[in-house]
Protein chains: 2
Amino acid sequence: MTAATETPKPNLLELLWRAAPEAGRGPRKKLTVDEVVAAAIGLADAEGLEAVTVRRLAQELGKAPMTLYTYVPGKNELVALMLDTLFERMERTAPHGSWRERLAAVARDNYALYRVHPWAAAASPSRPPLGPGQCAKYEHELRALEGLGLGDVEMDDALTYLLAFVRTAAQDAAQSEAERAASGMDDQEWWEANGPLLAKVLDTERFPTAVRVGQAAGEAHDAAYNAEHAFEFGLARTLDGLAALIER
Amino acid sequence: MTAATETPKPNLLELLWRAAPEAGRGPRKKLTVDEVVAAAIGLADAEGLEAVTVRRLAQELGKAPMTLYTYVPGKNELVALMLDTLFERMERTAPHGSWRERLAAVARDNYALYRVHPWAAAASPSRPPLGPGQCAKYEHELRALEGLGLGDVEMDDALTYLLAFVRTAAQDAAQSEAERAASGMDDQEWWEANGPLLAKVLDTERFPTAVRVGQAAGEAHDAAYNAEHAFEFGLARTLDGLAALIER
DNA sequence: TTCGTACGTTGTATATTGTACAACGTACGA
DNA sequence: TCGTACGTTGTACAATATACAACGTACGAA
């Protein structure tokens, strides 16, 4: 019952800021948190986040699975670290031009990040933990909104709104790709398989507008859902929406 | 090698439209797909989607786990059915007023759905499978966009954009609540635990804007992240953004 | 220099998950 | 009436995160 020998789990924040008290006695660590996180990111990039299991990652690093728990308290914390590392590394276009150009650049930087690391869109929460990467990102992105006459709270609201749009757009794009890949059917095969039933069931009496618009949308985009188009359309709308706030 | 006795797995679309050919011989089924789906929805509402396991759901229905696979080919299909059922049942405010009021009503109906069934926001893809519920929903929502001078493709784009916003807002709200509940810390406890480190690490030299704006935002909302505020702010922006398209 | 102990490493083990497979029995159609 | 298609279910398996304890390393005090 002696509480003296308790080794408290490192906090997520301490981990993010690499503020863990370094060990004294015992064997030297043969890895670093950064190496573990980098390996996890590489694995996720190559094979998706679902391939990042403790076993697999350990194997990739030439260690036993349980070893990783010395570096990271659990898998959730690992993912948080992966994300913050991405945020730290990501491209930050130097701000210039009108506020609209500056915000568009912020949006495109984020979208590019998520397109290169599709797993990140799904993993990233609306309010990421305050790691160094996230803070640097927040600082940079807020600067695109300075000097526009917005209050501090409005600046945060506007940025959160913009980033949520981008994250969702990227998430939808990645998911749509993943579904296509998983089904193993291209569009034509899908229609051959499901067309007859749909034709029977989608009568224009019950769903006149839906059938008309759905068909038009389907034909306009080469796939059933064209992610890039949705992003461009949404970005324009989002900036228009912010214009109503900024230029009021 | 006789292919005559193959019982092909029922297609997801067939399942959604309840178009499966009813069985002839053999014992009578003691449940229906709808009962299974309804039980799953109830379970998810009460204890979250992660509580909906095959074993648990079977127990709830007084059956052996594997029995469920007679009604549903797998868990993915079950979730799709749960969602479509929600869409079928959901409130659809009768359209009236300006286009802005009509679209706001669509957004609020969706938001209300996701707030009552928080698991649905996370589970629902950007393009849900074309079940009867989804079709009825699509038809109803498109009508709020008719007669505004938009092309068919633009109508679909605009609706997709609006719905993605609502889904994300609801998702973020649910996630923020879940995290709060999971951590078991209220805001004060969190600050007591993490404040000292943050104070050390967030120096105003590196992150001047971030610290200033972050503090203002944190104080403005009673919690670190106020979901309802984000929804109202975002809805206004989203409608403003669509206004630029509609009233051009 | 020595030696106790804190701590890194790892093998084993457990509780959960989705679902494949085969046995069993029911009730329809010939 | 009876064969067989199909609903039901027990058992089984692979994969997950991670708890626990054994083992050995190397630091810090003697």
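As a basis for the values below, the full set of heavy atoms in this structure was taken, side chains included, without hydrogen atoms, waters or symmetry mates. In what follows, chains carry the letters A, B, and so on, assigned in the order in which the sequence lines appear, proteins first and then strands, with residues in each chain numbered from 1. All figures in this text were calculated on a predicted structure; none of them were measured in a lab.
DNA chain C lies under 4.0 Å from at least one heavy atom of each of the following residues of residues 60-71 of chain A: A/Lys63, A/Ala64, A/Met66, A/Thr67, A/Thr70, A/Tyr71. Residues from residues 37-57 of chain B placing a heavy atom under 4.0 Å of any atom in DNA chain C, listed by number, are B/Val52, B/Thr53, B/Val54, B/Arg55.
In this structure, the side chain to side chain donor-acceptor pair (under 3.5 Å) partners of B/Tyr161, at least two apart in sequence or on a different chain, are A/Tyr161, A/Thr238. Listed by chain and residue number, A/Glu232 satisfy the salt bridge (charged side-chain N to carboxylate O under 4.0 Å, His left out) test with A/Arg108 (two or more places apart in sequence, or in another chain). B/Phe231 is linked by a ring pair (Phe, Tyr, Trp, His ring centres under 6.0 Å) to B/Tyr111, B/Phe165, counting only residues two or more places apart in sequence or in another chain. B/Arg115 meets the salt bridge (charged side-chain N to carboxylate O under 4.0 Å, His left out) test with B/Glu177, B/Glu228; sequence neighbours excluded. Under the rule for a side chain to side chain donor-acceptor pair (under 3.5 Å), the partners of B/Glu139 that lie at least two apart in sequence or sit in another chain are A/Thr209, B/Arg143. Checked against salt bridge (charged side-chain N to carboxylate O under 4.0 Å, His left out), B/Asp157 has no partners two or more places apart in sequence or in another chain.
Going from atom CD of B/Gln59 over to atom P of D/dT8 covers 18 Å, rounded to whole Å. Here the P atom of nucleotide C/dT26 and the NZ atom of B/Lys30 are 9 Å apart, to the nearest Å. A/Glu35 places its CD atom 15 Å from the C1' atom of C/dG8, with the value rounded to the nearest Å. Separating the CD atom of B/Glu77 from the C1' atom of C/dG18 is a distance of 12 Å, rounded to the nearest angstrom.
Listed by first and then second residue, the side-chain hydrogen bond (donor to acceptor under 3.5 Å, both in side chains) pairs involving residues 33-54 of chain B are B/Arg18-B/Asp34, B/Thr32-B/Glu35, B/Asp45-B/His117, B/Asp45-B/Trp119, B/Glu47-B/Arg56 (not counting sequence neighbours). Pairs of residues two or more places apart, or lying in two chains, never qualify as side-chain hydrogen bond (donor to acceptor under 3.5 Å, both in side chains) while including a residue from residues 75-91 of chain B.
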Under 3.5 Å, N/O pairs linking protein and nucleotides 1-5 of chain C:
none

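Although no hydrogens or angles enter the test, the distance criterion places a donor-acceptor pair under 3.5 Å between the side chain of B/Tyr71 and the main chain of B/Leu31.
Heavy atoms from other residues, nucleotides or ligands lying under 6.0 Å from CH2 of B/Trp191 number 12 at most. Annotation for B/Gln188: atom CD does not count as buried by contact number, only 12 or fewer foreign heavy atoms lying within 6.0 Å.
In this structure, of D/dG24, C/dG25, D/dC27, it is C/dG25 that holds the atom nearest to the side chain of B/Pro27.
Pairs of Watson-Crick or G-U wobble type, with distances under 3.5 Å, assemble into runs of 3 or more in DNA chain C at these ranges: C:1-30 with D:1-30.
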Is there a side chain to side chain contact (heavy atoms under 4.5 Å, CB included) between A/Leu78 and A/Val52 once you walk through the steps? CA-CA 10 Å; A/Leu78 174 63; A/Val52 182; 4.2 Å; yes
Going through the checks in order, is the side chain to side chain contact (heavy atoms under 4.5 Å, CB included) test met by A/Lys137 and A/Leu163? CA-CA 11 Å; A/Lys137 180 175 186 285; A/Leu163 293 183; 3.8 Å; yes
